There are 2 protein chains.
Amino acid sequence: MTDTDASPGPVGIVEVAALAGVSPATVSRALRGIPGVSTATRQLVQKAAADLGYVASPQASALARGRTSAIGVLAPWISRWFFTAVIEGAQDVVTARGYDLLLYPLGANAGPDAQPVDTRGLHKRVDGVLGLNVPVTMRPATLKTLAAPLVTVGSTIPGVPGVRVDDQLVGYLAARHLIDLGHRRIAFLGLDPDDMYGFTVARDRHTGYCRALAEAGLPTHPADVEITGFAVEAGEAALEHQLAIADWDPAALPTAIVAVSDEVAMGVLYAARHRGIRVPQDLSVVGVDNHDLSHLFDLTTVGQPVRQQGAIAAQMLLDLIDGRGVGGGEPVRLLEPGLVVRNTTAPPRAH
Amino acid sequence: MTDTDASPGPVGIVEVAALAGVSPATVSRALRGIPGVSTATRQLVQKAAADLGYVASPQASALARGRTSAIGVLAPWISRWFFTAVIEGAQDVVTARGYDLLLYPLGANAGPDAQPVDTRGLHKRVDGVLGLNVPVTMRPATLKTLAAPLVTVGSTIPGVPGVRVDDQLVGYLAARHLIDLGHRRIAFLGLDPDDMYGFTVARDRHTGYCRALAEAGLPTHPADVEITGFAVEAGEAALEHQLAIADWDPAALPTAIVAVSDEVAMGVLYAARHRGIRVPQDLSVVGVDNHDLSHLFDLTTVGQPVRQQGAIAAQMLLDLIDGRGVGGGEPVRLLEPGLVVRNTTAPPRAH
DNA sequence: CTGTTAGCGCCTTCAC
DNA sequence: GTGAAGGCGCTAACAG
C-alpha cells in the first residue's frame with residue numbers, strides 16, 4: 001500500500017490514465033465499478049490511482065453527471081440534542097454511500113416571522129434534503145421550488161415521505177403511565193407556541209394524552225395544558241405559571257406532568273426543586289426522548305430511537321434519489337416509542 | 001419582487017443573459033458584484049436573474065474558479081454540546097460569506113487505533129478545514145496531504161493557527177476557587193485516556209490545576225488525579241473509583257473536585273447523589289464549559305465562550321483562504337475563561 | 001464597460 | 001473491452 005504522492009502537480013484523471021497506460025474514460029469506468037472493464041485493467045487502474053493518491057474532483061464529477069453526491073440537512077438549528085443525534089444517524093448512512101452532508105440551519109428563519117426559506121438553487125447543491133422538524137413556513141410555495149427529494153424526520157408534512165415516532169402513542173404512553181400510578185389530574189406542558197414551527201409533534205402528543213385521559217374517564221382541564229415549545233427555559237416558566245395559577249399553593253397543582261420533551265421536563269424539575277416541590281413525592285414528571293442526559297435526572301421518559309430515525313430517513317432519501325421509490329408502503333415510517341421508567345414518577349400523595 | 005419562474009427548463013446563465021440582453025460573462029460579473037459593470041446593466045441583470053429565479057450552479061462555479069465555497073468541519077463526533085455550539089458559531093460566519101459547511105465526523109476513527117484519516121482529496125471538496133479537537137493521529141503525514149488551510153478549535157496543533165480558551169487558566173481558576181473556599185485536598189478528574197485523542201486540553205487544564213495547588217503550598221496526591229475523558233459516564237465511574245480507593249468511606253474522599261468538563265462534573269454529581277454524598281456540603285464540584293444545561297445542576301463552572309470560538313475560527317479560516325494571513329499576531333487566539341459560581345461549591349466541612 | 005474565446009476535470013455518448 | 005470526442009455551466013483572460 002503505497003501512500004505517498006511526491007508528484008507536485010495535482011493529479012487528475014489524465015495522470016492516472018497515463019500511468020496505467022489507458023484512456024481517461026477507462027479510468028473513470030474502472031474506478032467507479034462500472035461493468036465493461038476487464039478485471040486486469042481494473043486492477044491496473046486501481047493501483048495507479050492508489051499510487052498517485054488520486055481522488056476524483058467532486059465538482060467536475062457533479063457537473064458532468066448532474067449529481068452532487070451531497071445531501072442537505074435542513075433544521076431550525078443544530079444545538080438541540082435531538083437534531084445532532086438524528087444527524088449522526090444519517091451521517092453514517094450517507095457517508096457509506098459516498099455522500100457528503102451539508103448543513104442548512106434555518107436559524108432565525110425558523111421563528112414566527114420567518115422569511116419563506118429560499119430553497120431555489122438548493123437542488124443545485126444537493127441531491128436530496130433531510131428536513132428535521134421543518135417549519136410550516138416552508139410549505140406553501142418553497143417546497144415546490146425545492147426540486148429535490150425531501151424526507152422529513154420528526155414533524156411530518158402531508159404528502160412528503162418521512163420518519164417519525166408515533167407521537168400520539170408517545171403522549172398516550174406518558175399519560176397512561178401516570179394514570180396507572182393513580183394520578184387523576186395530569187398537566188400537559190408542551191403545546192407549540194402558536195404556529196411557531198408548525199410542528200405536528202406537539203399536537204400529536206397532546207392528542208395521545210387527551211385520549212389516555214378520556215379512556216380513563218378523566219376530565220381535561222384547559223388550565224392544565226400549557227404552550228411551551230421544547231426548551232428548558234419554557235419548562236421552568238411553565239411550572240412557575242402553573243404555580244401562579246394555583247395561587248402559589250403547591251397542593252393545588254396537578255399531581256403529575258407530561259412534558260413534551262425531556263428538556264422541558266428538566267426545566268420543570270429545576271423549577272420544582274427551587275420551589276421546594278418534591279419529585280416524585282409531590283409531583284410526578286414524565287418527559288419524552290430519552291435524552292442522553294435524562295438519566296442524570298432520574299427522569300422517567302418515553303424514549304424514541306433517534307439515531308435510528310436519522311439512519312432510516314437517510315436510507316429512504318438515498319433510495320428516492322436513486323429512483324427507487326420508498327420501499328412499497330406507507331410514505332411515513334412510524335417507529336415505536338417505549339416507556340423508560342426511572343424515578344420522577346410515583347403514585348400521587350394520599351390526600 | 002417577482003418570485004415565480006414558470007419556465008420549465010432549468011435556468012442557466014445563458015437564459016439570464018438572453019433575457020437581460022447581455023452576454024453570460026456580464027451576467028456573471030454583475031451578479032457577483034464585480035466592478036466594471038455599469039449600474040444600469042447590473043440592475044438589469046439582477047432583475048432578470050430574480051425573475052427567472054436564477055442561482056448559479058455551485059459546481060460549475062467551483063470548477064471554473066478552483067474554489068468550492070465550502071468549508072469542512074472535522075470533528076470526532078458532533079453530538080457533544082461543545083462541538084455543536086462551535087459549529088453554530090462558525091455557521092453564522094461562513095454562511096454570511098456564502099460558504100457551505102460540510103460535516104466530516106471522524107467517528108470510530110477518533111479512537112486510539114484510529115486509521116490515519118484519509119484527507120487526500122478533501123481539498124477538492126472544501127476550501128478550508130475547521131478542526132475541532134482533531135486527534136493526534138491526524139498529525140503525522142495526513143496534515144500535509146490536506147492541502148487546504150486548517151484552523152483548529154479547542155485542542156491545538158503546533159504550527160497550526162487556532163482558537164482556544166486559555167486552558168491552563170481554566171484549570172487554575174477552578175482550583176483556585178476551591179482553594180479560596182478553604183479546600184486543601186482537591187482532586188482532578190479529567191486527564192485524557194492515554195493518548196487517545198492527543199487533546200492538549202486536558203493536559204493544560206491539569207497543569208493549571210497543579211500550579212494553583214503549588215502556589216497555595218498544597219501537595220498533589222497522585223491518587224487524586226484520574227483519567228476520564230470528557231463523557232458523563234466517566235465522571236460517574238471516576239467518583240466510584242475515588243470511593244473505592246477511599247475504602248468506601250466518604251470522609252476519606254478529597255473535599256473538592258475539579259472536573260475537566262461539565263459533562264464529567266454532571267456524572268460526578270449523579271454518582272454522589274446515589275452514594276448519599278451531599279454536594280456541596282460533603283463535596284464541592286467545579287466543571288468546565290458552562291454547558292447549556294449546567295445551570296440545571298446548579299453547577300459551578302469555568303465558562304468559556306464556545307460559539308464565539310467557532311465564529312472567530314471561521315473568520316480566521318476565511319481570511320486564510322482569501323490569502324490574508326491571520327491578522328498579524330499570534331497564530332493561536334486565546335480566549336479568557338470566566339468562573340461562574342453557582343451552588344456546587346462551598347467551604348469544606350469542618351472536621 | 002462589454003463580448004468573445006477557452007478551458008476547469010470529469011463523464012457519457014458514440015465508434016472501434 | 002476500450003478510445004475519441006463533446007459538453008456539463010460557469011468564469012477568466014483577452015479583445016474591443
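What you are looking at is a predicted structure, and each value in this text was computed from that prediction instead of being measured. Every chain is numbered from 1 and lettered A, B, ... according to where its sequence line falls, protein lines coming before strand lines.
Judged purely by distance below 3.5 Å, without hydrogens or angles, the side chains of A:T200 and A:T156 never pair a donor atom with an acceptor atom. A donor atom on one side chain and an acceptor atom on the other are not found under 3.5 Å apart for B:R42 and B:S38.
Per the geometry, CZ belonging to B:R29 stands 21 Å off P belonging to D:dG9, to the nearest Å. Computed from coordinates, the A:I34 CD1 to C:dT12 C1' distance equals 9 Å when rounded to whole Å. Residue A:L63 contributes atom CG, which lies 12 Å from atom C1' of D:dT11 at whole-angstrom precision. Following rounding to the nearest Å, B:L31 (CG) and D:dC10 (C1') show an atom-to-atom distance of 12 Å. If you take OH of B:Y54 and P of D:dT11, they are 6 Å apart, rounded to a whole angstrom. Rounded to a whole Å, the CZ atom of B:R65 is 16 Å from the C1' atom of D:dA13. Between the CZ atom of B:R125 and the P atom of C:dC8 there is a distance of 21 Å, given to the nearest Å. Distance B:L44 CG to C:dC1 C1': 14 Å, rounded to the nearest Å.
B:V22 comes within contact range of the sugar-phosphate backbone alone, with a heavy-atom separation under 4.0 Å but no base atom that close. At a threshold of 4.0 angstrom between heavy atoms, the contacts of A:A56 are confined to the sugar-phosphate backbone, with no base atom among them. Within the 4.0 angstrom heavy-atom criterion, only backbone atoms of the sugar-phosphate kind lie near A:G12; the bases stay farther away.
OP1 or OP2 of D:dT2 has at least one side-chain nitrogen or oxygen of A:T41 nearer than 4.0 Å. OP1 or OP2 of D:dG3 lies within a sub-4.0 Å distance of a side-chain N or O belonging to A:T26. Considering only side-chain N and O atoms, A:S38 lies nowhere under 4.0 angstrom from the phosphate OP1 or OP2 of D:dG1. For B:S23 and C:dG3, the shortest distance from a side-chain N or O to OP1 or OP2 is below 4.0 Å. When the side-chain nitrogen and oxygen atoms of B:S28 are compared with OP1 and OP2 of D:dT11, one or more of them lie within a distance under 4.0 Å. Distances shorter than 4.0 Å separate some side-chain N or O of B:R32 from OP1 or OP2 on D:dA12.
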* Criterion side-chain contact (heavy atoms from CB on, under 4.5 Å) on A:V94 and A:D100, from CA distance to verdict -> CA-CA 7 Å; A:V94 301; A:D100 280 336; over 6 Å; no
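Projected onto DNA chain C by closest heavy-atom contact, B:G21 and A:I13 fall at different nucleotides, the more 5' of which corresponds to B:G21. Mapping A:V27 and B:V37 onto DNA chain C by nearest heavy atom places B:V37 closer to the 5' end of the strand.
Ion pair A:R97/A:D319 flagged as a salt bridge, since at least one NZ, NE, NH1 or NH2 atom sits closer than 4.0 Å to an Asp/Glu carboxylate oxygen.
On a pure distance criterion of 3.5 Å, no polar donor-acceptor pair joins the side chain of A:R42 and the base of D:dG1.
Under the ring pair (Phe, Tyr, Trp, His ring centres under 6.0 Å) test applied with A:W77, the options A:F83, A:Y104, A:F82 reduce to a single match, A:F83.
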